[in-house]
Amino acid sequence: MSRHYAITTPIYYVNAEPHIGHTYTTVVADTLARYHRLAGEETFFLTGTDEHGDKIAEAAARDGLEPKAFTDRISGIFRDTWDEIGISYDRFIRTTDADHIRAVQTLLTRVHDQGDIDFREYEGLYCVGCERFLTDRDMVDGLCRDHERAPERRKESNYFFKMTRYFDWLGETLEAQPDLIRPERYRNEVLAMLREGSGLDDLCISRPKSRLTWGIELPFDADYVCYVWFDALINYLAGMGYPDDPAFEVRWAAAEHLVAKDILKPHGVFWPTMLRAAGLPLYQHLNVHGYWNVDDRKISKSLGNMISPLAMREQYGFDAFRYFLLRDMSFGLDASFTEEALVTRINADLANNLGNLVSRTLNMTARYCDGQVPEPDGAGAEEEHVRDASVEAARAVDEHMRRLEPNRALAAIFALVDATNRYVDARAPWKAAKDEARMGEVRTTLHTCCQALHSIALLLGPFVPDTAEEILARLGCSGALASARLPDTAAAFDAPAPGTSTRKGEALFPRVEAP
Ligand code: ME8
């Protein structure tokens with residue numbers, strides 16, 4: 001039986017257009033999906049948009065549109081953007097989709113029937129930006145810490161999910177499964193929230209229709225709609241086929257979530273307790289990354305520093321931007337985007353290091369071997385060393401991808417690029433080629449370089465797919481990714497076969513100037 005893998009991104013609010021932050025999460029998910037497909041796993045990649053609640057109703061009103069017309073437009077922008085940049089999602093879910101609405105109502109009925117939802121009066125300070133009542137900790141000088149706006153005092157009768165009754169169970173689960181939430185700092189944060197209370201109480205999961213109609217109606221009270229977070233989290237089940245698609249069970253059993261630290265509490269506390277109450281198994285891991293800041297400042301519409309993925313593609317090519325995002329953020333920590341850092345990365349890693357290896361390998365193969373992968377003339381310790389480096393890179397990439405360390409996986413691939421470049425420097429085939437008696441050595445060197453490049457391209461496939469395809473095409477191995485099985489094929493170090501026609505091509509990544 002084949003192994004399964006399922007990866008999700010948050011479903012993004014349709015109150016802003018896609019920026020560097022959304023792009024990062026989506027690109028990491030795409031890279032993981034591509035990696036696991038190449039590892040032969042039955043893979044399902046879910047993304048989408050979160051469309052209900054006050055925040056969206058407010059944004060629609062500001063644009064003078066009905067909520068559905070507004071969400072159709074912005075959700076379409078997200079989907080088109082992901083299509084434009086080649087994000088390989090399997091399902092793009094919208095919380096306005098009929099199957100999502102049915103999944104939410106099914107789950108609500110189940111949790112209500114078993115007595116985990118009751119009706120109470122509540123008064124508190126509500127932040128529309130957060131879509132929830134705030135606690136003292138959420139505020140600074142009377143303003144919401146995240147949104148820097150004054151919360152509204154609200155008093156309402158509402159339905160509550162009796163979340164607190166599951167806190168002991170959740171604490172024990174986090175002790176028993178230490179990497180359920182990773183990296184560890186975020187697990188510790190959730191444990192601290194549970195220990196200290198952190199204003200965590202039973203969760204208000206309804207909004208009266210007298211105030212908000214833009215939401216999913218509660219199946220047990222038509223005067224209320226569902227709180228947007230309770231609705232949104234269920235997308236992960238709905239998108240995988242809950243309640244009655246036969247594929248649901250295997251997908252859900254393999255589910256990995258990917259989020260930034262801003263939504264740790266809903267994913268680390270609300271969601272596992274909701275699943276427990278609904279009698280469903282937990283996700284495999286909650287993988288939490290840090291924030292991208294731009295020029296050391298928080299991303300915000302008012303600062304105009306959102307960084308559009310399509311603008312980056314226009315200027316640098318999407319693979320270059322994708323590479324930068326994956327390489328420059330240590331998964332779990334914050335990172336800073338500056339155009340200087342992007343340009344430095346492109347020039348150092350892609351133009352000089354990788355681009356140079358590609359161009360010198362293929363130029364010399366053209367010049368000394370009629371553009372065909374040469375037949376090697378034996379292999380010595382130096383060739384063994386490059387082969388070992390390839391085996392090690394393939395192993396390390398597999399380990400880091402399974403631990404959610406894409407930056408380290410890339411570092412491992414570039415260690416192989418470095419090792420191969422050092423090998424070419426040491427062998428100096430351009431010197432050896434001056435001596436007819438040493439042409440066997442030249443053939444061995446270039447054969448080894450072509451093999452190393454082949455492994456490098458396969459390993460880079462999930463990270464920079466277009467670049468990987470291009471390198472493989474130049475090596476006469478178009479389509480090799482379709483039949484590759486990582487990490488084995490990259491470690492095998494046995495292609496392309498001698499005699500394969502290669503092509504020089506233009507510079508893979510021309511050097512770019514700082515803006
Ligand atoms: O929270 N750095 O949607 P959202 C890194 N609808 N990642 C960032 C980022 C940044 N500066 N800014 C945004 C919501 N992100 C809810 C989610 S899920 C059931 C509901 C990314 O549009 C990151 O993945 O505010 C973050 O968690 C997400 O966008 C928040 O997206």
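Both counts, for ligands and for their atoms, begin at 1 and track the order of listing. Both backbone and side-chain heavy atoms feed into the values below; hydrogens, waters and symmetry mates do not.
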- [ ] Kindly identify the option in A335, G21, A29 whose heavy atom sits closest to atom 8 (C) of ligand 1.
- [x] G21
Counting only heavy atoms not in [X] (residues, nucleotides, ligands), do more than 12 fall under 6.0 Å from its [atom1]?
| X | atom1 | value |
| --- | --- | --- |
| R297 | CZ | no |
| E314 | CD | no |
| R408 | CZ | no |
| E184 | CD | no |
| E249 | CD | no |
| D113 | CG | yes |

contact_flag [X] ligand 1 heavy-atom lt 4.0 Å:
| X | value |
| --- | --- |
| K298 | no |
| W271 | no |
| Y24 | no |
| H289 | yes |
| P266 | no |

Could you check [atom] against the protein and tell me its nearest heavy-atom contact, residue, atom and distance included?
| atom | value |
| --- | --- |
| atom 1 (O) of ligand 1 | I263 CG2, 3.4 Å |
| atom 13 (C) of ligand 1 | H19 CE1, 3.7 Å |
| atom 4 (P) of ligand 1 | Y13 CD1, 3.7 Å |
| atom 31 (O) of ligand 1 | Y12 CD2, 3.6 Å |
| atom 30 (C) of ligand 1 | D262 OD2, 3.5 Å |

Within a distance under 4.0 Å of any heavy atom of [X], pick out the atoms of ligand 1 and give their elements.
| X | answer |
| --- | --- |
| H267 | 18 (S), 19 (C) |
| D50 | 6 (N), 16 (C), 20 (C) |
| T25 | 21 (C), 23 (C), 24 (O) |
| I299 | 11 (N) |
| G290 | 5 (C) |
| A232 | 19 (C) |

TODO: Would you indicate whether the side-chain heavy atoms of D334 and K261 approach each other to under 4.5 Å?
DONE: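 Contact flag for K261/D334 side chains = yes.
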- [ ] Please tell me if the side chains of I307 and F321 come closer than 4.5 Å, counting only heavy atoms from C-beta onward.
- [x]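 Yes, side chains in contact.
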- [ ] Test K68 against E66 for salt bridge (Lys or Arg N to Asp or Glu O under 4.0 Å), laying out the working first.
- [x] CA-CA 6 Å; K68 184 64 168 64; E66 284 301 311; over 6 Å; no
Open item on the list: Applying side-chain hydrogen bond (donor to acceptor under 3.5 Å, both in side chains), can you list everything that pairs with D296, at least two apart in sequence or on another chain?
Closed with: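 Scan of D296 (side-chain hydrogen bond (donor to acceptor under 3.5 Å, both in side chains), adjacent residues dropped) gives S336.
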Open item on the list: Taking 4.0 Å as the limit for heavy-atom contacts, which would you say applies to N235 with ligand 1: side chain only, backbone only, both, or neither?
Closed with: side chain
Nitrogen or oxygen atoms of [X] and ligand 1 under 3.5 Å apart:
| X | value |
| --- | --- |
| P10 | no |
| I11 | yes |
| W292 | yes |

Open item on the list: I need the single residue from D99, D50, D231, D72 that forms a salt bridge (charged side-chain N to carboxylate O under 4.0 Å, His left out) with R94. Which is it?
Closed with: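 Of the listed options, the one satisfying the test is D72.
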Task: Side-chain donor or acceptor of N158 paired with backbone N/O of I205 under 3.5 Å - done: no
Task: Geometric cation-pi criterion R251 and F44, 6.0 Å radius, 45° cone - done: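 Cation-pi check for R251 and F44: passes.
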